[in-house]
Amino acid sequence: MLKHNLGYPRIGRQRQLKKVSEQYWAGKITSEKLFRTATELRQKHWEIQQRAGLDLIPCNDFSFYDQVLDMSFLFGVIPERYAPMSALRGLDIDLYFAMARGCQKEGLDLTAMEMTKWFDTNYHYIVPEFTLDQSFSIASTKIFDEFDQAKKTLIKIPKPVLIGPVSYLLLGKEKESGFHRIDLIHKLTPVYIELLKRLKNQGAEWVQFDEPFLVLDLTEKEREAFRYTYQEISKGSQGMRFLLATYFGGLDENITLAANLPVKALHLDLVRAPYQLDAVLKNIPEGRMLSLGVIDGRNIWKNNYAQSIEQIRMAKDVLGEDRLMIAPSCSLLHIPFDLDLETSIHPEIKDHMAFAHQKLREIDELDQIINGNVRLLELNRQSRERTARSTLIHDQVVKQRVANATGQDVRRYSPFATRKKIQQEYFQLPLFPTTTIGSFPQTPEIRQYRARLKNGEWTQQQYNEAIEQATKDTIHRQEEIGLDVLVHGEFERNDMVEYFGEQLKGFLSTQNGWVQSYGSRCVKPPVIYGDVSRPRDMTVRWSRFAQAQTKKLMKGMLTGPVTILQWSFVRNDQPHIITAQQIAWAIRDEVQALERAGIRIIQIDEPAIREGLPLKRKDWDDYLGWAIKAFRIASSGVGDHTQIHTHMCYSEFNDILDHIARMDADVITIETSRSQMKLLEAFAKFRYPNEIGPGVYDIHSPRVPTVEEMFHLLERAMTHLPAKNIWVNPDCGLKTRKWPETTEALKNMVKAAKRAREKWD
Ligand code: GLN
Ligand code: ZN
């Protein structure tokens, strides 16, 4: 069996690439220093993989920013607006970064290319921009240089990684009308062939084409593009071996298509879609090799060897060992580097975990087991048995609670219409009530408070006092601005998920578990390792303090179960639906504690509900079923007089509105300003029954919106919704803004709301 890897994380064990990139952007180091660090990192990562015993090691999986942007750069797909820059200096690293991040210097003002999520991961890629007369050529030498470097470093010949031609086109966008980007396949294919010739001349034997679109629903035209391009490529590059990598799902209805493309090997994600192995084995043509992605490249748990060995044996029986390869399910980009860097994780939990470094070892161990090393299999079995028995992981009380839930637990006491009346009477809010989404500017001072607490300079009490003062100031500012429903500002939170992860039982935080989110931005997702419960109040102290500062209504602020789950590494020994419900019960406890503390409006943020939608439509209902249920468990434990809000930023949910309605939040605040309230058409058509706060201004920009424009947006909202259902608020939290523009913008917003009241009351 060939042991290989699809891609390695590139940011560096100590996030070296992040650090040098940011220094370079700030003009503090030269490009030579940047390149030197990159060269060293690549070298290190190849050596690690070589020591792990891999036969085929990827190259060109390194990137200064993003691998899709690298492809655009490679093929000279440079949008017209960068011409002044490329004319001046050619395709250099500054142009590359300008495309990724925009550029405002030397008289230039170039906007960045769009960035969007890489399938259902938390990684973001730079969207290629295509024009009608798009041309392609080989415009960069990165791939050749890195192949050379890898060849010098490694004993065996490295395997260059490319995004395949169909996926590359589909990842992009047409920047003008009159064509579909997939039609560009005829122009693009010859350039791939030329590229492959050059790689072959350099000595490349294997090339990996990533084609994740093969696990999505494809049109006939897209299928045809696959057949066409791989036919041409195989004709045009005799003697090379191609590995077609599919991941993040099963091939399903594309099995015949994928299995029959003329490549040497096909890679399957057997973690996400173990069921597909059987069907693929039945369909695979003579001579084709199969790469079994049995190690989870998306999560941080040890492999279940018994299960992987069963899959490998099944394939071996049909194909024989010579036609098999083993690998992680996808690139290891999505998991942290090395578990050995973690010194504070309980050994019982750590025993159950594996980061990129450890996953490579697992590939080798699986190979050894196939070759007769039963001891390794036994050790893995024992470790799994310990995990199954661990009292750190398993809490019978929590399990029972989820199991015993009844229909009443997922329903508010009365329907919305009744609740609305009660709440109206109680709150006496004006028409078009104004509020904000929760956070207020996280100034450098606030961040410093946290740093001081962490490094021991401050006691917990000093820290609490400083946060209280910031909260108090913010409440007074909101009173001056004239907002109706106030918030405490979320100054005590570093991050909306991490904050809860640190307080809930069943969660742990890592010290170095960084994963690239985009460019130099890395995130450290919490790890959900065990049954989740809430040992003590999490936010009550701050909300109670905040409410005591004002006569106005104070809104409590929580993160919802689906978002917490979505932005964490989740245990894989039970279905997500169970873990989601456990988190939901913990949040419900907090909601009830807030209610008892006198907080009568409670917001449960669920910005990740939409992005969690599965890649295939057929899986949507299942996901939405448990996601909505989790939200309802979290939100249904309060009386009719307590008003539940929810907030979602990424609001493209025209096609899931019925599910959003089923969440039954009393008020939902959403991002609508950039689309000029267009989204509300769908709410109107659907006759969305509950109250809505359509964002009236974009918080991503420091620009202060005028009273007129916000009033105008409210007028537009009025064409879709009854006045009595409309709230007035910004698109999202104000954490990334500065105070001056925040105050001005909110003052204008309050004026716009007043004007709306005068007109429609
Ligand atoms: N309450 C959060 C905030 O205001 C919501 C953030 C979000 O939607 N991502 O920061
Ligand atoms: Zn938001």
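Note on K735 versus E490: no salt bridge recorded, every NZ/NE/NH1/NH2 to OD/OE distance being 4.0 Å or above. Using a 4.0 Å cut-off between charged nitrogen and carboxylate oxygen, R755 and E708 count as a salt-bridge pair.
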Q: Kindly determine whether N729 and T436 satisfy side chain to side chain contact (heavy atoms under 4.5 Å, CB included), including the steps that lead there.
A: CA-CA 5 Å; N729 46 262; T436 62; 6.0 Å; no

Pair N725-K420, side chain to side chain contact (heavy atoms under 4.5 Å, CB included): steps then yes or no: CA-CA 10 Å; N725 281 2; K420 186 174 168 104; 3.2 Å; yes

Passes salt bridge (charged side-chain N to carboxylate O under 4.0 Å, His left out), R419 versus D666? Steps please. CA-CA 8 Å; R419 298 192 316 256; D666 297 303; 2.8 Å; yes

**Prompt:** Taking it one step at a time, do D531 and R571 satisfy salt bridge (charged side-chain N to carboxylate O under 4.0 Å, His left out)?
**Reply:** CA-CA 9 Å; D531 291 330; R571 60 193 286 193; 2.7 Å; yes

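In this structure the side chain of D731 never reaches within 4.5 angstrom of the side chain of C649, judged on heavy atoms. Inter-residue side-chain proximity for T474 and F491 is flagged as met; some heavy-atom pair is nearer than 4.5 Å. By the 4.5 Å heavy-atom criterion applied to side chains, I577 and K629 are not counted as neighbours. Side-chain contact between L34 and S21: present, with at least one pair of heavy atoms (C-beta onward) separated by less than 4.5 Å. Counting heavy atoms from C-beta outward, E709 and Y697 have side chains that stay 4.5 Å or more apart. Between N690 and I668, the closest side-chain pair of non-hydrogen atoms is not below 4.5 Å. Put simply, the side chain of M749 reaches to within 4.5 Å of the side chain of V696, judged on heavy atoms. Two residues are said to be in side-chain contact when any heavy atoms from C-beta on lie closer than 4.5 Å; P607 and W567 meet this criterion.
Between H334 and Y123, the two ring planes are perpendicular [angle over 60°; tilted spans 30° to 60°]. Taking the six-membered ring for Trp and thresholds of 30 and 60 degrees, Y24 and F97 have ring planes inclined between 30 and 60 degrees apart.
A745 approaches M710 most closely through the heavy-atom pair O-CE, 3.7 Å. Between R477 and T743, the shortest heavy-atom contact is NH1-OG1, 3.9 Å.
When atom types are taken as modelled, the side chain of R13 and the backbone of D338 share no donor-acceptor pair closer than 3.5 angstrom. Under a 3.5 Å cut-off, the side chain of T559 and the backbone N or O of M496 do form a donor-acceptor pair. At least one donor-acceptor pair under 3.5 Å links the side chain of Q358 to the backbone N or O of L339.
With 3.5 Å as the limit, one finds no donor-acceptor pair spanning the side chains of H394 and Q396. Looking at D473 and Q469, their side chains do bring a donor and an acceptor atom within 3.5 Å of each other.
The residue from M538, E595, Q503 that alone fulfils the side-chain contact (heavy atoms from CB on, under 4.5 Å) condition with E590 is M538. Exactly one residue among K117, Q566, Q516 makes a side-chain contact (heavy atoms from CB on, under 4.5 Å) with N122. That residue is K117. The only member of K505, R401, R536 that meets salt bridge (charged side-chain N to carboxylate O under 4.0 Å, His left out) when paired with D589 is R401.
Checked against the 6.0 Å centroid threshold, W739 and F440 count as a close aromatic pair.
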